[in-house]
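A short write-up of the structure that comes next.
Proteins come first, then strands; the chains are lettered A, B, ... in the order of their sequence lines, and each starts at number 1. Values below: all heavy atoms of this structure, side chains included; hydrogens, waters and symmetry mates excluded.
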Number of protein chains: 2
Amino acid sequence: MNRRNTPSKEAILDLLSGSKKALSQDAIERQLDIEINRATIYRVLNRFCEDDIVHKIVAEDGKQYFAICKKCDDPSEVFQHHFHFRCLSCDTIECLQVPVEYSVPNGYEVQNANCVLTGVCDDCS
Amino acid sequence: MNRRNTPSKEAILDLLSGSKKALSQDAIERQLDIEINRATIYRVLNRFCEDDIVHKIVAEDGKQYFAICKKCDDPSEVFQHHFHFRCLSCDTIECLQVPVEYSVPNGYEVQNANCVLTGVCDDCS
DNA sequence: ATTTTATTGCGAATATGTTGCAATAATACG
DNA sequence: CGTATTATTGCAACATATTCGCAATAAAAT
Ligand SMILES: [Mn+2]
Ligand SMILES: [Mn+2]
Ligand SMILES: [Zn+2]
Ligand SMILES: [Zn+2]
């Protein structure tokens with residue numbers, strides 16, 4: 001149950017921390033300096049998710065992308081569910097600072113939101 | 001390029017038209033009276049999507065779900081991007097009549113939205 | 001009837017993600 | 001330190017979803 005510090009964890013966390021984009025397992029594997037097994041990368045990422053260090057986005061391509069959970073500038077306000085943007089041109093996914101707002105019919109209880117907008121980002125337009 | 005009418009198309013369209021839920025390929029295959037090959041089901045569904053008869057939702061499970069494109073009660077208004085709800089209890093996905101509203105940073109152009117809320121639906125709570 | 005070609009079925013390929021298991025190594029504790 | 005505990009890793013195998021090539025079939029046009 002108790003977490004241990006390992007080179008794998010550290011390398012993956014460093015990579016995600018320094019990235020402006022959400023990364024998939026294979027992007028992480030490619031960008032890493034050290035070699036880490038695929039299964040290990042997934043296990044590390046899933047543990048980060050359990051610990052709320054990282055959140056997972058599932059895009060329209062059906063793949064999982066992972067991004068660091070950042071707090072808002074206003075530390076009193078927890079960073080809520082937000083939109084993600086997938087650029088079809090540069091094929092990247094990023095977290096938008098845009099909260100997801102919705103209302104649901106009576107009796108519906110929402111536990112999570114996975115919202116991805118697709119299009120062309122500023123850099124590519 | 002020209003579309004032809006086939007028993008497969010008709011059966012799948014009937015099924016989707018009569019369903020309150022978005023359906024995955026394997027759900028469609030199970031619920032069909034006639035037997036249709038897996039690859040064919042996907043091809044029919046993808047053609048429906050191209051023709052804007054059906055829309056595709058990708059859920060957190062990474063699977064594709066398909067639902068008929070319905071117009072609003074108000075025929076003047078095209079049915080926009082809307083939220084979808086995935087119930088973890090009855091494991092279904094439905095279209096909510098809740099439009100997706102957002103703003104994006106300057107220079108971003110949105111072409112599509114894939115938004116799925118997850119939780120427990122009214123029937124199951 | 002004949003032609004054209006969209007559609008289908010089949011099998012194989014691709015891709016993503018998970019799991020069992022034995023080996024390794026981080027941590028706790030004497 | 002030295003040892004014990006067990007979280008973590010690598011590897012291979014597995015599971016599942018979706019696509020693709022290709023030859024056969026059948027809708028639609030002539
Ligand atoms: Mn995010
Ligand atoms: Mn829908
Ligand atoms: Zn871009
Ligand atoms: Zn339900």
Worksheet item: Pairs in or reaching into residues 110-125 of chain A: which pass side-chain hydrogen bond (donor to acceptor under 3.5 Å, both in side chains), with residues at least two apart or in two chains?
Response: E60(A)-T118(A), H81(A)-N112(A), N112(A)-E60(B)
Discussion item. Does dT5(D) have its OP1 or OP2 closer than 4.0 Å to a side-chain nitrogen or oxygen of N2(A)?
Written reply: no
Practice prompt. Classify the nucleic acid contact of D61(A) as base, sugar-phosphate or nothing, counting any heavy atom under 4.0 Å across all strands shown.
Written response: nothing
Discussion item. Just to verify, what does R4(B) make a side-chain contact (heavy atoms from CB on, under 4.5 Å) with, not counting sequence neighbours?
Written reply: none
Worksheet entry | Length of the OH-P vector between Y42(A) and dT16(D), whole Å | 17 Å
Worksheet entry | Geometric class of the H82(B)/H55(B) ring pair [parallel <30°, tilted 30-60°, perpendicular >60°] | perpendicular
Worksheet item: Using rotation axes that map the C1' atoms of four end pairs onto the next four (five pairs an end), what angle separates the end axes of the helix from dA1(C)-dT30(D) to dG30(C)-dC1(D), to 10°?
Response: 30°
Worksheet item: Among residues 12-34 of chain A, which residues get a heavy atom nearer than 4.0 Å to DNA chain D?
Response: none
Discussion item. Taking ring pair (Phe, Tyr, Trp, His ring centres under 6.0 Å) as the cut-off, I'd like each qualifying pair that reaches into residues 2-38 of chain B, sequence neighbours left out, listed once.
Written reply: none
Fill in: Between dA29(D) (P) and N5(B) (CG): distance, integer Å
10 Å
Worksheet, complete the sentence: Apart from V58(B) itself, members of its ILVMFWY cluster (side-chain separation under 4.5 Å) are V58(A)
Worksheet item: Could you give the NZ-to-P distance, from K56(B) to dT18(D), as a whole number of Å?
Response: 8 Å
Worksheet item: Starting at CD of E60(B) and ending at P of dT16(C), how long is that distance when rounded to a whole Å?
Response: 19 Å
Practice prompt. Find the distance K63(A):NZ to dA17(D):P and express it as a whole number of Å.
Written response: 18 Å
Worksheet item: R3(A) side chain N/O closer than 4.0 Å to the phosphate oxygens (OP1, OP2) of dT8(D)?
Response: yes
Practice prompt. Write down the distance between CG (L45(A)) and C1' (dG17(C)), rounded to a whole number of angstrom.
Written response: 12 Å
Response to the item:
Residues at least two apart in sequence or cross-chain that pass ring pair (Phe, Tyr, Trp, His ring centres under 6.0 Å) with Y102(A), listed by chain then number, are F83(B)
Worksheet item: Could you give the CD-to-C1' distance, from E10(A) to dT9(D), as a whole number of Å?
Response: 16 Å
Item to complete: Kindly give the cluster partners of F48(A), where membership spreads through any ILVMFWY side chain lying under 4.5 Å from a current member.
Response: I12(A), L13(A), L15(A), L16(A), L23(A), I28(A), L32(A), I34(A), I36(A), I41(A), V44(A), L45(A), I53(A), V54(A), F66(A), I68(A)
Discussion item. Rounded to whole Å, how long is the line connecting atom CZ of R4(B) with atom C1' of dA27(D)?
Written reply: 5 Å
Worksheet item: What residues, two or more places apart in sequence or in another chain, satisfy side-chain contact (heavy atoms from CB on, under 4.5 Å) together with T6(B)?
Response: S8(B), K9(B)
Distances under 3.5 Å between protein N/O atoms and the N/O atoms of nucleotides 8-10 of chain C, please, pair by pair.
from, atom 1, to, atom 2, distance (Å)
dT8(C), OP1, T6(B), OG1, 2.7
dT8(C), OP1, S8(B), OG, 3.4
dT8(C), OP2, R47(B), NH1, 3.4
dT8(C), OP2, R47(B), NH2, 3.0
dG9(C), OP2, N37(B), N, 3.2
dG9(C), OP2, T40(B), OG1, 2.7
dG9(C), N7, R43(B), NH2, 2.9
dG9(C), O6, R43(B), NH1, 3.4
dG9(C), O6, R43(B), NH2, 3.0

Worksheet entry | From CD (E109(A)) to CG (N106(A)), nearest 0.5 Å | 13.0 Å
In a table with atom names and distances, give each donor-acceptor pair under 3.5 Å that connects a side chain of residues 88-95 of chain B to protein atoms at least two apart or in another chain.
from, atom 1, to, atom 2, distance (Å)
T92(B), OG1, K21(B), NZ, 3.3
E94(B), OE1, Y108(A), OH, 3.4
E94(B), OE2, Y108(A), OH, 2.7

Practice prompt. Identify, with sequence neighbours excluded, every residue that meets side-chain contact (heavy atoms from CB on, under 4.5 Å) alongside N37(A).
Written response: A39(A), T40(A)
